[in-house]
*Asks:* 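This is the structure I have questions about; it appears just below.
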2 protein chains.
Amino acid sequence: MKSSDMKKKRPTLQDVADLVGVTKMTVSRFLRNPDQVSVPLQSKIADALEDLGYIPNRAPDILSKSKSHAIGVLLPSLTNQVFAEVIRGIETVLEPAGYQTMLAHYGYSKEAEEARIATLLSYSVDGLIISESYHTERVRKMLAVAGIPVIEIMDSVSPPIEQAIGIDNEAAAYAMTDFMIKRGRQKIVYFAARMDQRTLFKIKGYESAMHDNGLTPLCLKTNSASSFTLGATFLKDALQQQPDTDGIFCTNDDLAIGALYACQKSGIKVPDDISIAGFHGHDISRAMVPLLATVITPREEMGRLAAEHLLSRLQGHPVSEKIIDLPFQIEAGESI
Amino acid sequence: MKSSDMKKKRPTLQDVADLVGVTKMTVSRFLRNPDQVSVPLQSKIADALEDLGYIPNRAPDILSKSKSHAIGVLLPSLTNQVFAEVIRGIETVLEPAGYQTMLAHYGYSKEAEEARIATLLSYSVDGLIISESYHTERVRKMLAVAGIPVIEIMDSVSPPIEQAIGIDNEAAAYAMTDFMIKRGRQKIVYFAARMDQRTLFKIKGYESAMHDNGLTPLCLKTNSASSFTLGATFLKDALQQQPDTDGIFCTNDDLAIGALYACQKSGIKVPDDISIAGFHGHDISRAMVPLLATVITPREEMGRLAAEHLLSRLQGHPVSEKIIDLPFQIEAGESI
DNA sequence: GACAAAATAGTAAACACTTACTTTCACATT
DNA sequence: AATGTGAAAGTAAGTGTTTACTATTTTGTC
């Protein structure tokens, strides 16, 4: 095989060094600190680097230092707008700090979560931002063995592996339910989808508020993902099961908006006939007509904070607070 | 320093081998194919692996084979819902195939794009999915030197580096504008934000359609990101500059929805007084009242296809089609 | 019970870079 | 002129795994 037949591989430090006529060590030095190399060599090396289009290879460094300058981000889903906003917050901090984001999701499956974490660790990520609050023993062991900082996001209550940053979903759901009751609603139905940990916390908050006010909770559940359509479907179900329903509290804005539009289409007046509240406070719910009542949560800030605390710990600082409980906000909008 | 003082590092193959009393090669063999190891050893190795919580390290493999099983995904922004859907499509395909996603974004800056691509390449990504159609010489050289498959997504027209998958943004904008004109609109204003390549293509399509029908285009532009609020602001500007405006075509659904709600608030009837059309056809626009007219684009499919074609090329197949032009769809909704 | 074949396990090298140490040489000081 | 100093560049080793080869043991056959 002639050399012209060979698939040319990406140039290494050695290739650059050969071109200049020095050892790769000299080129390496130039790369980290040009002044460590004599002036005449500086320009020759710079030219050679440019000529060959040299791009450093992190693999040796990852191998010898077990540091990748990459952060693993593991979320249950990418479908949900909430997570897109969390990712944005994370990237906002990580990218300027020179860290690369490795993204993975596990579709709410525990086995998939184990597999994804193993994969992320196999790349020697320097830290991990994960979601959900329950983790298998295997996951806990892997994280312990890996010895890297881990931050759990989304909920602030359950005892964290090391550090959790999120909101108190149960308290938030309680607060909104209570708010609706104070506004005179009695037969409030909860719409739940995707029965993950956070949804379970919210249901608990809703049910507590109902009970504390002597009311009977009714919760519609499904394991499928939420959507506008599902909100409309749930509305029909709710009215069938409890015709005098006067309030609807949804596990997220999507369901709420779907239910609201379904009301508009079938002539049900919001909020006169039925109050509707969502959860999260996405842009759309704060622009639409009528303005959606919702629990405003700091999604992007949650991502930012998680990344910031992770970076702080990578710099050697200890865990400052085990649980960082971010404030939520009840927004009455015009639909209650 | 006593051994108990030392920070324990994550176990290696050698640690497992020592525990069992074999060489690391035997453990390595067990990992890839347990049958290559004698039956008694199989269980002993399995136990040791479990005991130590061994997690494979990809760094040596990346180093010696220059293959990471990771794919770099570089998008202009994470703010936009469009990109969240594209990422979802990509992950849907990549994850089951055993590829890890490395996500980066560059905020529409050319210098940042160069830097991000260099970073992704430094991790020896096996392939790259990037957006936008214009790239600097430096970027082109880096990609050439890297010698990995590259797929450009979002637009289908401009000559691709290797392979492009997207829609014909110019044709789509032409089609929608023409549709609005056929429905009797004459004074159609275009709302543009974030002046990236695709927006420029869409403006071109809009202007062509207006000219071809003997009408005068009016385009409101800004470099900031689009939002519902911006849609409302643009509406005011449009009515000021051209009080008899009877149509609004927005570069995305966000602007359109913002404009539509602003109309509702100020008593302007849609579509009787003004027609409004968006671009992309997000879930919300297909659920709201009135249904938004929009150009439905296959965002998720675009991501899926890009990932599929990338995988096919990683399996050694040549580029099948240089440009894959995905169909768009004009959805009349109820706002035209 | 001898010999070949097959199964099983071991050894060494390679991957690209950096750290830590060593060598070389120019120049200043005595 | 001998010695010391410091800048500049070189050398060797190590990082964890796999590939390719080699050695050893077991099995099967006659």
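Every chain is numbered from 1, with letters handed out A, B, ... down the list of sequences. Values reported hereafter were calculated over all heavy atoms of this structure, with side chains retained and with hydrogens, waters and symmetry mates removed.
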*Asks:* Check whether A:E162 reaches the backbone of A:V150 with its side chain - one donor and one acceptor, N or O, closer than 3.5 Å.
*Replies:*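 Yes, A:E162 side chain to A:V150 backbone: donor-acceptor pair under 3.5 Å.
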
*Asks:* Applying a 4.0 Å non-hydrogen cut-off, can you work out what B:I62 is touching in the nucleic acid: base, sugar-phosphate, or nothing?
*Replies:*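 Nothing: the residue B:I62, judged by heavy atoms under 4.0 Å, touches no strand.
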
*Asks:* Both B:N57 and A:V37 contact DNA chain D. Which one's nearest nucleotide lies toward the 5' end?
*Replies:*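 Counting from the 5' end, the first nearest nucleotide belongs to A:V37.
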
*Asks:* State which of C:dG10, D:dA9, C:dT18 makes the closest approach to the side chain of B:T23.
*Replies:*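 So the side chain of B:T23 is nearest to C:dG10.
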
*Asks:* Give a yes or no answer on whether the side chain of A:Q100 reaches the backbone of B:M102 with a donor-acceptor pair at less than 3.5 Å.
*Replies:*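 Here the side-chain-to-backbone pair does not exist.
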
*Asks:* Report the distance from atom CG of B:L63 to atom P of D:dG14, rounded to the nearest whole Å.
*Replies:*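 One finds 16 Å between P of D:dG14 and CG of B:L63, rounded.
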
*Asks:* Of A:E321, A:R313, A:K322, which is the lone residue that meets side-chain hydrogen bond (donor to acceptor under 3.5 Å, both in side chains) with A:Q163?
*Replies:*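 For A:Q163, the side-chain hydrogen bond (donor to acceptor under 3.5 Å, both in side chains) check succeeds only for A:R313.
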
*Asks:* Within the structure shown, what part of the strands sits under 4.0 Å from B:R58 by heavy-atom distance: base, sugar-phosphate, or nothing?
*Replies:*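 Counting heavy atoms under 4.0 Å across all strands, no contact is made by B:R58.
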
*Asks:* Can a side chain N or O of A:Y54 be found less than 4.0 Å away from OP1 or OP2 on C:dC17?
*Replies:*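 A:Y54 to C:dC17 OP1/OP2: side-chain N or O found under 4.0 Å.
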
*Asks:* Take atom CZ of A:R29 and atom C1' of D:dG10, then tell me their distance rounded to the nearest Å.
*Replies:*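 Checked: the CZ to C1' distance equals 7 Å.
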
*Asks:* Could you tell me the separation between the CG atom of B:D61 and the C1' atom of C:dC15, rounded to a whole number of Å?
*Replies:*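 Spelled out: CG on B:D61 to C1' on C:dC15 is 10 Å.
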
*Asks:* How many whole angstroms separate atom CG of A:D35 from atom P of D:dA8?
*Replies:*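 After rounding, the reported distance stands at 9 Å.
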
*Asks:* Measure the distance from CD1 on A:I45 to C1' on D:dG10 and round it to the nearest whole Å.
*Replies:*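 The answer, rounded to whole Å, is 13 Å.
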
*Asks:* Under 4.0 Å between a side-chain N/O of A:S28 and OP1 or OP2 of C:dT18, yes or no?
*Replies:*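 Answer yes for this pair, as a side-chain N or O of A:S28 is under 4.0 Å from OP1 or OP2.
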
*Asks:* Mind calculating the distance between CZ (A:R32) and C1' (D:dA8) to the nearest angstrom?
*Replies:*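 That distance rounds to 17 Å.
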
*Asks:* Testing the basics here: between A:Y106 and A:S131, what is the closest heavy-atom pair and its distance to 0.1 Å?
*Replies:*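 Closest approach of A:Y106 to A:S131, heavy atoms only: OH-O, 3.9 Å.
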
*Asks:* Please compare B:K65 and B:G21 by the position of their nearest nucleotide in DNA chain C and report the one closer to 5'.
*Replies:*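 Mapping each residue to its closest nucleotide by heavy atoms, the 5'-most match is B:G21.
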
*Asks:* Which residue, A:R140, A:E113, A:K141, A:E114, forms the side-chain hydrogen bond (donor to acceptor under 3.5 Å, both in side chains) with A:H135?
*Replies:*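 That would be A:E113.
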
*Asks:* Which nucleotide in the list D:dA9, D:dT17, C:dC17 gets nearest to the side chain of A:T26?
*Replies:*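 Selected nucleotide (nearest to the side chain): D:dA9.
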
*Asks:* Which nucleotide in the set D:dG10, D:dT19, D:dT17 lies at the smallest distance from any side-chain heavy atom of B:M25?
*Replies:*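 Out of D:dG10, D:dT19, D:dT17, the nucleotide with an atom closest to B:M25's side chain is D:dT19.
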
*Asks:* Which part of the nucleic acid does B:F30 contact within heavy-atom distance under 4.0 Å: base, sugar-phosphate only, or nothing?
*Replies:*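 Touches nothing.
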
*Asks:* Are A:S64 and C:dT19 close enough that a side-chain N or O sits under 4.0 Å from OP1 or OP2?
*Replies:*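 No.
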
*Asks:* Round to the nearest Å and state the distance from B:L49 atom CG to D:dT17 atom P.
*Replies:*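 Taking CG of B:L49 and P of D:dT17, I get 11 Å after rounding.
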
*Asks:* Quick one: on DNA chain D, does A:S38 or A:K24 contact a more 5' nucleotide (nearest heavy atom)?
*Replies:*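 Going by which nucleotide is closer to the 5' end, it is A:S38.
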
*Asks:* Let me know the distance between CG of A:D15 and C1' of C:dC17, rounded to the nearest Å.
*Replies:*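 Nearest whole value for this atom pair: 13 Å.
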
